[in-house]
Amino acid sequence: MDKLIVRGGNKLAGTIPISGAKNAALTLIPCALLTEEPLTLRNLPRLADIDGFQHLMGQFGVSISIQGNRPEDFGRVVTYEASRLTSSVAPYDLVRKMRASILVLGPMLARAGEATVSMPGGCAIGNRPIDLHLKALEAFGAEIELAQGYVKAIAPDGGLPGGEFDFPVVSVGATENALMAAVLANGTSRLFNAAREPEIVDLCNLLTAMGAEIEGIGSSDLTIHGVKRLNGATYKVMPDRIEAGSYACAAAITGGEVRLEGARADEMGATLHALEVMGVTVESDAKSVTVRADRPLKATDLTTAPYPGLATDMQAQLMSLLCKAEGTSVLKETIFENRFMHVPELSRMGCDIATEGRTAIVKGPQDLTGAEVMATDLRASMSLVIAGLAAEGETTVRRLYHLDRGYERLEEKLQLVGADIERLGD
Ligand code: UD1
C-alpha cells in the first residue's frame, strides 16, 4: 500500500487548481439513469469514488465513454448513456465500498419503476442511517421492502404519484434521492426543510437543464412538478468547495499564500469566515480565492451545521489549524456523532486536544512533530497531511485509499505550491 511522506516547514506559495466537486459528481452521475439520452459531465474529478460509481452504472447497463483522458490534465469529460437499463439491482459488493451508491435508489425507481439497493453498512463517521431517504420515497408513493440486507423500492403501476415530505433533520443524501425521484413523478411534489448545500443546487441546475421543473432552488422548500420525460444534457460539475477549503487550511498552517483557482468564495462562506476570524486574509474574485496567513493565528470557536453553516467536511482540517492558533478553541460537531477519529492521531503529532462527546477543546499554539499516522476517513486523513505540513520532521500518512477517494492528485497539487511531499509504494 502507498504512503505519503510529508516533511514540514515549507511555506506554501503559488496556485492550486481546484477540481470538480466529488460530492456534486456523485449525485450528478446517477441523473444519467433518468433519461435514454446521453448525459455528458465535464470537470469530473479523477477519484476512486467516481470510478466506483462508474462501475455501478455499468452494472445497470449504462454505457460510459471517457474523453480527454490525458494523464497531465486534471478532471475529465465522461458521457453516460442509459438508453436501455439491463438491471435495477445495486449489489452488496459495490454498495459496501461506496455509501453514495444509495443515490441510485431515487432515479432508478423513477425511471424503471423499481430499484433494489444493498443497505449501506455502518460507517466510520457514525451510524449514517437511510431512513429519511426511504420515508421521502414512501411519501411520493413508493412501497419499500427490506429483506436480506437489501432495500427494494417499488412504484405503483403508471409511476410515482409524487407527494410531500418534511425532513425532520436536514439530510443532503435524502434530499438528493427525493429530488431525483420526484422529477419524473406524475404529479407535483414538495420538500420542506430540504438541504440547500451548493451540491444540491448543482443537482437542481443539472435536472433543470435536462427538462425538470423545480421551484425554490437554493432554498429549503422545493417544489418539483413532475415531467413525462427528461432529455440528455452537457453539464460542468461545480468546483469542490471542500477541496478548496482543505488547501486553504494547508496554506494557512504554513504561513503561506495560495491562490485557489476555480474556487467560488460565495459557496465557501462559513469556512472563509472561520479563517478570517483566525487572522487569515482572504481575497476573492470571480475565478479564484486567495488566502494569505502573515499574522499569528488566533483561536476561535466553531460549530458544524448544515449549509450555510460550517461544513462537517471541514471540521478535521480546521482542527489541525486551530492546534497552531494562540488560545483555546472549542469545536462542536453537530452532524455526526463519531467524527473525531483524527484526534488521537493529531495528539501523537503534539496537538493538545480533549474531547467530550461531540465537543473538542483545542489548546494552542503547539509545536508539532512528525509521526507515523493513519486515519479512518477521508477528511481526517487530510487533517493529518495539513498538520504534517507544519510539523518538525517527517510525517508518514498511511491508508492513502481514503485520500484517493476524495482528493484528485493531492501530492501533485501540494508540490505545485512548494510542499515537500511524496507518495511512496510500500
Ligand atoms: C453529510 C453532510 C454533507 C457531507 C457528507 C460527507 C450535512 C447536512 N451533510 O451528507 O455535507 O458532504 O456527509 O461527509 O452536513 N440522517 C438520518 N437519516 C437519514 C439520513 C441522514 O438520520 O436517512 C442524519 C445523519 O445521521 C446525520 C444527518 O442526518 O446526522 C445528516 O446526514 P446527511 O446529510 O444525510 O449525510 P450525507 O448525505 O452523508
Side-chain angles (χ1 to χ4, degrees), residues 20-28 30 45 47 49 53 95 98-106 117 119-139 142 144 146 151 153 165-181 191 193-203 220 237-246 267-271 302-318 332-342 357-358 375-383 402-403 405-407:
K22 170 181 87 79
N23 287 344
L26 291 175
T27 187
L28 300 183
L47 297 169
D49 264 14
F53 213 102
V95 177
M98 204 186 31
R99 230 194 106 73
S101 312
I102 192 68
L103 293 176
V104 299
L105 193 61
V117 179
M119 302 257 262
C123 172
I125 59 174
N127 259 336
R128 304 184 86 177
I130 57 161
D131 57 318
L132 299 177
H133 299 238
L134 306 184
K135 282 184 183 146
L137 297 179
E138 267 178 335
I144 307 283
L146 303 179
V151 178
F165 190 69
D166 191 350
F167 289 96
V169 287
V170 177
S171 164
V172 174
T175 301
E176 291 166 347
N177 245 332
L179 269 165
M180 289 186 280
L191 295 173
N193 198 28
R196 49 194 171 121
E197 268 63 4
E199 292 76 15
I200 303 270
V201 174
D202 216 33
L203 169 63
S220 49
V237 182
M238 66 176 279
D240 196 317
R241 63 193 174 106
I242 307 300
E243 186 199 28
S246 302
E267 291 164 351
M268 300 173 63
T271 297
L302 299 173
T303 301
T304 63
Y307 191 83
L310 181 68
T312 174
D313 278 352
M314 282 303 305
Q315 180 254 107
Q317 303 90 309
L318 285 163
K332 288 195 185 126
E333 169 59 56
T334 71
I335 308 292
F336 294 112
E337 73 273 22
N338 188 18
R339 206 175 188 180
F340 284 148
M341 272 104 50
H342 39 288
R358 293 186 184 196
T376 43
D377 78 61
L378 169 60
R379 307 303 171 186
S381 302
M382 189 62 192
S383 76
H402 291 301
L403 284 168
R405 280 186 42 222
Y407 290 92

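We count ligands from 1, going down the list as the structure has it; atoms in each ligand are counted the same way. These values consider heavy atoms only, across backbone and side chains, with no hydrogens, waters or symmetry-generated copies.
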Query raised in the report: Would you say Leu132 and ligand 1 have an N/O pair spaced under 3.5 Å apart?
Result: yes
Query raised in the report: Does the side chain of Phe167 reach to within under 4.5 Å of the side chain of Lys135, using non-hydrogen atoms?
Result: no
Query raised in the report: Can you check whether Glu199 reaches Arg241 side chain to side chain, under 4.5 Å on heavy atoms?
Result: yes
Query - Contact partition for Tyr307 relative to ligand 1, non-hydrogen atoms under 4.0 Å - result: neither
Report summary line: Heavy-atom closest pair (Leu179 atom, Ile200 atom, distance to 0.1 Å) is CD1-CG2, 4.0 Å
Query raised in the report: Can you tell me how far the CD1 atom of Ile144 sits from the CG atom of Leu134, to the nearest 0.5 Å?
Result: 5.0 Å
**Report entry** Contact check: Asp131 vs ligand 1, nitrogen or oxygen atoms, below 3.5 angstrom
**Finding:** yes
Report summary line: Partner of Glu197 under side chain to side chain contact (heavy atoms under 4.5 Å, CB included), picked from Leu203, Asn23, Val172, is Val172
Report summary line: Tested for side chain to side chain contact (heavy atoms under 4.5 Å, CB included) against Leu310, the lone hit among Ile335, Leu318, Thr303 is Leu318
Query - Within reach of ligand 1, part of Val169 (heavy-atom separation under 4.0 Å) - result: side chain
Requested in this report: Quick one: pull up CG in Leu137 and CZ in Phe165 and give me the separation to the nearest 0.5 Å.
Outcome: 9.5 Å
Requested in this report: Pull out every atom of ligand 1 sitting under 4.0 Å from any heavy atom of Asp313, numbered as shown with elements.
Outcome: 4 (C), 6 (C), 12 (O), 14 (O)
Report summary line: For Asn23, the ligand 1 atoms with a heavy-atom partner under 4.0 Å come out as 12 (O)
Requested in this report: Taking atom types as modelled, find out whether Arg339 and Thr312 have a side-chain donor-acceptor pair closer than 3.5 angstrom.
Outcome: yes
Report task. Would you mind listing which atoms of ligand 1 come within a distance below 4.0 Å of any non-hydrogen atom of His133? Result -> 23 (O)
Report summary line: Here the atoms of ligand 1 under 4.0 Å from any heavy atom belonging to Gly173 are 35 (O), 38 (O)
Query raised in the report: Given Thr175, Val172, Ile242, Ile102, which one has a non-hydrogen atom that is nearest to atom 10 (O) of ligand 1?
Result: Val172
Query raised in the report: Can a non-hydrogen atom of Pro129 be found less than 4.0 Å from any atom of ligand 1?
Result: yes
Query raised in the report: Which of the numbered atoms in ligand 1 are below 4.0 angstrom from a heavy atom of Ile335?
Result: 7 (C), 15 (O), 27 (C), 30 (O), 31 (C)
**Report entry** Heavy-atom side-chain contact between Arg358 and Lys332 under 4.5 Å
**Finding:** no
Query raised in the report: Should the proximity of Thr312 to ligand 1, defined as any heavy atom under 4.0 Å, be assigned to the side chain, the backbone, both, or neither?
Result: side chain
Report task. Just jot down the ligand 1 atoms closer than 4.0 angstrom to any heavy atom of Arg339, in number order. Result -> 14 (O)
